[in-house]
Colleague: 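One structure follows; several queries about it will come next.
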Amino acid sequence: MTSTPTRLSHRTRPHRSRLLAAAAAVGLAAAMTLAACGSASPSGDGTASGKGELTIAMQSDPGTLDPALINQAAQWYTDLAYAPLIQTSSDGTPRPSLALEWGYVGEGNTVFELTLRPDVTFSDGGKLTAQGVVDHLTYVKGAGGQMAASLTTFEKIEATGPLTVRVTLSQPNPELTYLFAQYSVGISQVISPEGLANSAKLGSETHGAGPYVLDPAQTITGDTYVYFPNPNYWDKANIHWDKVTIKVIPNINSVLSALRSGQADFAQGDFTTAQAAKEAGLTTHFVPQVFQGIALNDRDGQMAPALADIRVRQAINYALDRDVITAALLGETGVPTTQTVNGIGYVPALDDFYPYDPDKARALLAEAGYPNGLDLSTLSTPFASGDLVTQAIAGQLAEVGINLVVDSIADANEFFNLMATAQYPVAWIGFGSMPMYLEGINLFMPGALFNPFKTEDDQITELYNQLSVAPPEQIESISQQIETRLVELAWFAPVAWVPLGQYATAKIDPEAVTTTNGVNPIVAIIDLKPAA
């Protein structure tokens, strides 16, 4: 089964009331307690039921299994063993997990409350309590991992009852449901009290309340990670496999070979192997996720005075034949774009805002005082195909008289340091779609990493302030207004969405694989089921 990339199959935000009563039947917790190490043997408590085994191929090892320190790209290693506060299905719909109810208290998006599921037992025998969640969030905030910065505005985290947690923010944030779902590894994946008390062990053991538990005896660090059903899991009907193994296979072509031969059942794919995966009969599904192009960073003309003129920035956008670049670099899996977001805030009409029109580009340059063109110092890197994209853009801009003088920096860390310290007026950019409020923090507001010259627009600032305190029913509209303004101002020249791909064999029910979208591009790994 093959799924072709689409703009977005589910653009609307899942409904969230002011205090979302995500009612669900509360399953009975199992009575059996595991050993203190937090592992389960293959025999476990007899939960094996002939459901079969699932093998997942990953191109990199997790480095650590501590949810507070693991890289977000490795989240499947912890998704299996740590239940999030809010579980998001593959189609982006939130559903109860450790929290049964959640939402903002009052207006203004500064107070958020979660009501926890009763009678939850962790794999190591500990109990879920509100104070335990407070301790978990406190640990994550201080651990210094990838997600710790997202908790800097958590002014107060308190247990207001045995199963009620309240978070008070120092500034509004309308996306706490997102932060408490599994995307936000570490924040959402609650660690047991015993795990927190012995945090040095979290790198090689699991101490969660998820459907599976790591077996250290069968795990080979950096190579193979083996999980068995967690006997204490509250919802045994949703344990779909008797054993789950993650195998580290660094080369994407080797991953494809493992899927073909039956050595693996599921993996992330990419556009370079998409056609071969289809020909092998795999279920393939791609979601446009990371926009690539160039960022016109010096919008006030501090280093490149021409970029202060909106006509020059718009000319750059009109000069790009996005269809040609996308087809040449990404084939059928890429999607041309002028936009920075592919989820909440996406505006279909904006895809036609800058049609390929080199004559118009030349006319705008002449009106702005650059009839003979101009040179622009540009930063690039081979990382994530940045040089390929930049060179393709440079070739088309040269046709209208714009010369990108490209410096390619091989070391990705050096590239990001140079970009962030405002040393180049133009830079290659690859940026993953996220909710507009979070995109502002990271991409376009004055303090964002990808806004090194700290450009500010009064209209965007006003809209962003509205978004920060907006009730759920207004978030889509305000996000679209921000996206429209970003495209009109031409702060960026996006070219294409690089897709996030997933491959599955016929052993797996394709539903969870093929329902991912711009709201949720990553499969909810615990939702993978055996094919009927």
Side-chain angles (χ1 to χ4, degrees), residues 20-41 43-49 51 54 67 75-76 78-90 93-102 113-137 159 161-165 177 180-182 185 187-196 205-215 227-244 512 524-530:
L20 176 61
V26 180
L28 296 176
M32 183 169 184
T33 300
L34 296 180
C37 67
S39 66
S41 68
S43 59
D45 65 346
T47 55
S49 59
K51 295 178 180 178
L54 172 67
Q75 71 177 77
W76 286 342
T78 51
D79 282 353
L80 292 165
Y82 289 89
L85 288 158
I86 301 167
Q87 178 70 47
T88 301
S89 301
S90 288
T93 305
R95 67 178 193 253
S97 183
L98 294 184
L100 292 178
E101 298 178 359
W102 59 87
E113 214 166 65
L114 302 112
T115 301
L116 304 178
R117 183 183 296 273
D119 303 321
V120 170
T121 302
F122 289 90
S123 61
D124 57 19
K127 300 295 184 180
L128 177 70
T129 65
Q131 186 57 50
V133 172
V134 171
D135 295 341
H136 160 76
L137 292 173
L163 294 173
T164 307
V165 178
T177 296
F180 287 127
Q182 78 268 17
V185 181
I187 294 175
S188 65
Q189 296 179 339
V190 178
I191 301 167
S192 73
E194 181 173 322
L196 294 175
E205 301 175 0
T206 58
H207 291 263
Y212 302 94
V213 58
L214 183 80
D215 183 0
Y227 301 78
F228 289 99
N230 172 11
N232 294 341
Y233 191 54
W234 70 84
D235 189 8
K236 285 189 169 53
N238 282 313
I239 294 178
H240 303 301
W241 308 92
D242 292 327
K243 178 182 178 182
V244 179
I525 202 71
I526 69 169
D527 287 351
L528 290 183
K529 303 176 183 178

Colleague: Which heavy-atom pair separates Pro231 from Lys236 by the least distance, and what is that distance?
Modeller: O-NZ, 2.6 Å
Colleague: About how many Å separate CD of Glu101 and CD of Glu113, when rounded to the nearest 0.5 Å?
Modeller: 9.5 Å
Colleague: A side-chain contact here means heavy atoms from C-beta on lying under 4.5 Å apart; do Pro193 and Asp135 qualify?
Modeller: no
Colleague: So do the side chains of Arg117 and Leu100 get within less than 4.5 Å of each other, counting heavy atoms only?
Modeller: yes
Colleague: Between OH of Tyr82 and CG of Leu214, what distance do you get to the nearest 0.5 Å?
Modeller: 9.0 Å
Colleague: Measure the spacing between CD1 of Ile86 and CG of Leu98 and express it to the nearest 0.5 Å.
Modeller: 10.0 Å
Colleague: Any side-chain heavy atom of Asn238 within less than 4.5 Å of one from His240?
Modeller: yes
Colleague: Dump the intermediate steps for side chain to side chain contact (heavy atoms under 4.5 Å, CB included) on Leu128 and Val133, then the final yes or no.
Modeller: CA-CA 8 Å; Leu128 177 70; Val133 172; 3.8 Å; yes
Colleague: Measuring from Leu80:CG to Gln189:CD, what's the distance to the nearest 0.5 Å?
Modeller: 9.5 Å
Colleague: So which heavy atom on Ala524 is nearest to which on Ser90, and how close?
Modeller: N-OG, 3.0 Å
Colleague: When rounded to the nearest 0.5 angstrom, what is the spacing between OG1 in Thr164 and CG in Leu116?
Modeller: 7.0 Å
Colleague: How close do Thr206 and Ser123 get, counting heavy atoms only, and between which atoms?
Modeller: O-OG, 3.8 Å
Colleague: Could you pull out the closest heavy-atom pair between Ala181 and Ser188, with the gap in Å?
Modeller: O-OG, 2.9 Å
Colleague: So, do Trp102 and Leu85 sit near enough that their side-chain heavy atoms are less than 4.5 Å apart?
Modeller: no
Colleague: Please check if the side chain of His136 supplies one atom and the backbone of Ile191 the other of a donor-acceptor pair under 3.5 Å.
Modeller: yes
Colleague: Would a 4.5 Å heavy-atom cut-off, applied to side chains only, mark Trp234 and Pro118 as touching?
Modeller: no
Colleague: Show your reasoning for whether side chain to side chain contact (heavy atoms under 4.5 Å, CB included) applies to Gln87 and Ile526.
Modeller: CA-CA 10 Å; Gln87 178 70 47; Ile526 69 169; 3.5 Å; yes
Colleague: Is any side-chain N of the basic residue among Asp527 and Arg95 closer than 4.0 Å to the acidic one's carboxylate O?
Modeller: yes
Colleague: Step by step, work out the side chain to side chain contact (heavy atoms under 4.5 Å, CB included) result for Leu137 and Val190.
Modeller: CA-CA 8 Å; Leu137 292 173; Val190 178; over 6 Å; no
Colleague: Can Gln182 and Thr78 be said to form a side chain to side chain contact (heavy atoms under 4.5 Å, CB included), step by step?
Modeller: CA-CA 10 Å; Gln182 78 268 17; Thr78 51; over 6 Å; no
Colleague: If you compare all heavy atoms of Tyr233 against all heavy atoms of Ile239, which two are closest, and at what distance to 0.1 Å?
Modeller: CD2-CG1, 3.7 Å
Colleague: Looking only at heavy atoms, which two atoms of Ala209 and Thr121 are closest? And how far apart?
Modeller: CB-O, 4.4 Å
Colleague: Within this structure, what is the CG-OH distance for the pair Asp242 and Tyr212, rounded to the nearest 0.5 Å?
Modeller: 8.5 Å
